[in-house]
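Right, one structure below, let's go through it.
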Amino acid sequence: MAATETKTATVSVASSGSAGLSWARVCKECGQQHETQDTHLYEYENEVDDELVCHICLQPLLRPMDTPCGHTYCFHCLSNFLKEQDFCPVDRQRLQLHQCRPSSLLVRNLLDKLVVTCPHYTECQQKMQRCELQPHLHNRCPVFKRLREEAEKRKRPSWNEIKGRKGDGESSGDAKHSATLSRNHTRNQSEPGLINPAYEEVDDDNTPLRSSLVAEANVVELFRDEPEEELGLRIVGGKDTPLGNIVIQEIIRDSIASRDGRLAPGDHILEVNDVNLASVPHTRAITVLQCSPLLRLTVMQEKGFKGSLGNSPSDMNNPGKVLHVMLTKTHRTEPLGIKLIRKSDESGVFILDLLSGGLAAKDGKLRNNDKVLAINGHDLMHGTPESAAMIIQNSEKCVNFAVLRPAESPEEAGSSREGQHGRGVRRAPEPQYFRRQTTYLKDPPGGFTCQEKTVSLKKEPRTSLGITIAGGRDCRSKLPVYITSVQPVGCLHRDGTIKRGDVLLSINGVDLTQLTYNEAVSVLKAQTAQAQVVLRVIQTLSDSAEEDAETGSRDDFDHMDDQRDEIRIWTPLWTHWLGLPSHMHWCRDIVLQKTNSESWGFSIVGGYEESHGQQPFFIKTIVPGTPAHFDGRLKCGDEIVAVNGATTVGMNNSSLIPMLKLQKNKVTLTVVSWPGSLV
């Protein structure tokens, strides 16, 4: 225990004052200054039992892991040790990291309840349980708050500055800014095909209507309790795709990433455990994200346009307006009287009800069905009611809400509060999907293709084909019906032509491409009862040979029957769908609206290039605080096939940029959307 006390005392001296601290160097979890790869540092109020101390760092355990030989270490300490050695540090028995398991919940709770002091104790005299330190730092610590505010006041570089390059088609209004930047940075050549209508919006006099886009690199650590547990991220991109970078498309509800709350759709994953993802194909990125219980992600996160986030969206015609409401409690523990919920058809947090006589009801500014965008500056666009409640509980007397209120008709705007109580959020009608028109047809992206296969079998009437399927036009992503497994007991397995992932076209001449899941099951059962079966399928292919590397994961459909609930279903990667012929794509129209002073809020990569030929246009980035962000339907990785009905096939950057800029207040994007790869 002496070693523990010595190290703690040393930390206290180093952090006794806030002078010399910087927001960039201070750890956002423990509040101390240490290298990113080092373990977190805490100042413990009392002596810690030796049973709760790591035998490597001699400090109280962090993310404790039990070895098969009965010893416990910090995960970080043990994983670093086993990179160089292959035995237990105490008894030297043979040991590999995958043999270890997280300690019991009881041990982790005992560690979480250890009392620590705020590292900035000269100005903040607070003591708390270790698990409460991070919320304290982000919500109550005056030093931490000051460091953050000082950092926000400094000029942050734009996205193009951070990436070290200038986007194609930079407006002349940015010339002065670029000249200043060139004195400090050496720019690389612009990325081929990258256009940024979100950032380059200009008025008629070429004066930029937006200031610099604010983005910052952050490190996020995620920990799996079980090695096979999913993080809850859907990702798109990779060097073998037009997107280039690995981008988060979606955060799955109630997942590790969702509960952590720091990642968001649109974040670019730059590194994972010091492995650079900027130059790896999609399947390699999947492997890296699945390889370790502890993942340290370096991500580029866009924060919106400097000085304008949360202001201009209030003028939006669709989907509503943004309101800022401050509620002041008489004391910290006073409840606000707000019931928060989540919805099955939309991510985020919504106000279900305002309790009669409560603080929010008396204030009168919040309403039922308002979508909570942020509380005290914490982004909740894709948050959960639990994370929102925690922010409120940890707040001081003032609680600042940013909410999105759907547009109302004059009749609704004048209705009484009782009338508002049962009213749902005003949403656009359920999107109508339609097959890709002939004028929108194009070849797959470079490196992706497909081949059609036909199998003719003579079989006994009761012999099963031996396949399981998923998809169907009733699933969330309107996927075609595809094969999830070929069972060894069926006749198709013996033939060997049909593979997992093949998309079903027809059986005995009956078209399967427009059927729902249940319809496809019924047709397959009826046709396989015959003595001869002719099955036509399409197999998608890629130059990176990712068919061999695709991973199993749970499917994500709205319609699941008993069979699909009982088994763990294999699902294709996002890149699997890129080779599908475009006549099998199902599109939908997304209408965005804005004011003249706003930008649409998305960037695009793709178009015709001499070196790569014709590439589809893909959504690469969606900027927080813009019409595309608040609308919520457009996703990273979506393919834009038409703008206001005009096909993008054959276009290059110089054609599409003016088309988007000419749309001052309203634009209709026709898109194809494939679900990102689940990790």
Side-chain angles (χ1 to χ4, degrees), residues 126 128 132 135-142 144-145 148-149 261 309-427 624-625 629-630 632:
Q126 296 295 314
M128 67 223 72
E132 297 174 348
H136 162 78
L137 291 171
H138 288 271
N139 296 293
R140 297 190 296 274
C141 179
F144 212 72
K145 179 181 179 181
R148 180 170 58 231
E149 290 175 346
L309 181 59
N311 295 327
S312 53
S314 63
D315 300 322
M316 291 167 53
N317 295 317
N318 181 37
K321 60 181 179 179
V322 175
L323 300 176
H324 297 272
V325 177
M326 184 176 72
L327 299 178
T328 304
K329 300 182 284 187
T330 55
H331 53 84
R332 277 194 58 209
T333 58
E334 181 184 8
L336 301 183
I338 301 174
K339 287 186 178 180
L340 301 173
I341 61 164
R342 67 188 72 191
K343 296 192 174 184
S344 60
D345 58 347
E346 185 175 353
S347 62
V349 182
F350 295 83
I351 296 177
L352 172 66
D353 194 13
L354 303 178
L355 301 182
S356 179
L359 184 60
K362 291 178 180 178
D363 179 79
K365 296 185 179 69
L366 294 175
R367 292 185 188 174
N368 303 330
N369 297 315
D370 283 350
K371 180 173 183 177
V372 181
L373 304 178
I375 298 177
N376 289 347
H378 295 270
D379 183 11
L380 291 169
M381 188 70 181
H382 301 276
T384 64
E386 293 79 12
S387 58
M390 182 172 292
I391 295 170
I392 293 172
Q393 291 169 5
N394 292 325
S395 65
E396 300 293 341
K397 291 186 177 181
C398 293
V399 185
N400 292 283
F401 286 82
V403 298
L404 178 65
R405 180 164 299 162
E408 296 179 341
S409 66
E411 293 79 8
E412 288 175 320
S415 64
S416 65
R417 183 172 303 278
E418 289 74 20
Q420 295 163 1
H421 176 79
R423 188 175 64 247
V425 174
R426 284 177 58 83
R427 298 175 56 83
H629 176 253
F630 285 114

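What you see is a predicted model; the values in this text were computed from it and never measured. In what follows, every heavy atom counts, from backbone to side chain, and hydrogens, waters and symmetry copies are set aside.
With sequence neighbours left out, the side-chain contact (heavy atoms from CB on, under 4.5 Å) criterion links Lys339 to Leu352, Asp353, Leu355. With sequence neighbours left out, the side-chain contact (heavy atoms from CB on, under 4.5 Å) criterion links Ser387 to Leu380, Thr384. Listed by chain and residue number, nothing satisfies the side-chain hydrogen bond (donor to acceptor under 3.5 Å, both in side chains) test with Gln393 (two or more places apart in sequence, or in another chain).
The heavy-atom pair separating Phe630 from Leu404 by the smallest distance is O-CD2, 4.1 Å. Looking at every heavy atom in both residues, His629 comes nearest to Pro624 through CG-CA, 3.7 Å. Between Pro385 and Val349, the closest heavy-atom pair is N-CG2, 3.7 Å. Looking at every heavy atom in both residues, Gly337 comes nearest to Ala360 through O-CB, 4.5 Å.
In this structure, the side chains of Ile351 and Phe401 stay at 4.5 Å or more apart for every pair of heavy atoms. Leu327 places a side-chain heavy atom less than 4.5 Å from the side chain of Leu366. Under the 4.5 Å side-chain criterion, counting only non-hydrogen atoms from C-beta, Val399 is not in contact with Leu359.
Between the side chain of Lys329 and the backbone N or O of Glu396, at least one donor-acceptor pair lies under 3.5 Å. At distances below 3.5 Å, at least one donor-acceptor pair connects side-chain atoms of Asn376 with backbone N or O atoms of Asn400.
For CE of Met390, the number of neighbouring non-hydrogen atoms (other residues, nucleotides, ligands) closer than 6.0 Å is 12 at most.
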Item to check | Full working for side-chain contact (heavy atoms from CB on, under 4.5 Å) between Ile338 and Leu354 | outcome: CA-CA 5 Å; Ile338 301 174; Leu354 303 178; 4.0 Å; yes
Next on the checklist: Evaluate Glu386 against Arg342 for side-chain contact (heavy atoms from CB on, under 4.5 Å), listing each step before the verdict.
Outcome noted: CA-CA 10 Å; Glu386 293 79 12; Arg342 67 188 72 191; 2.7 Å; yes
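The CG atom of Asp370 sits 4.0 Å away from the CZ atom of Arg405 when rounded to the nearest 0.5 Å. To the nearest 0.5 Å, the span separating CD1 on Ile392 from NE2 on His378 amounts to 11.5 Å. Residue Ile375 holds its CD1 atom at 8.5 Å from CG of Leu336, rounded to the nearest 0.5 Å.
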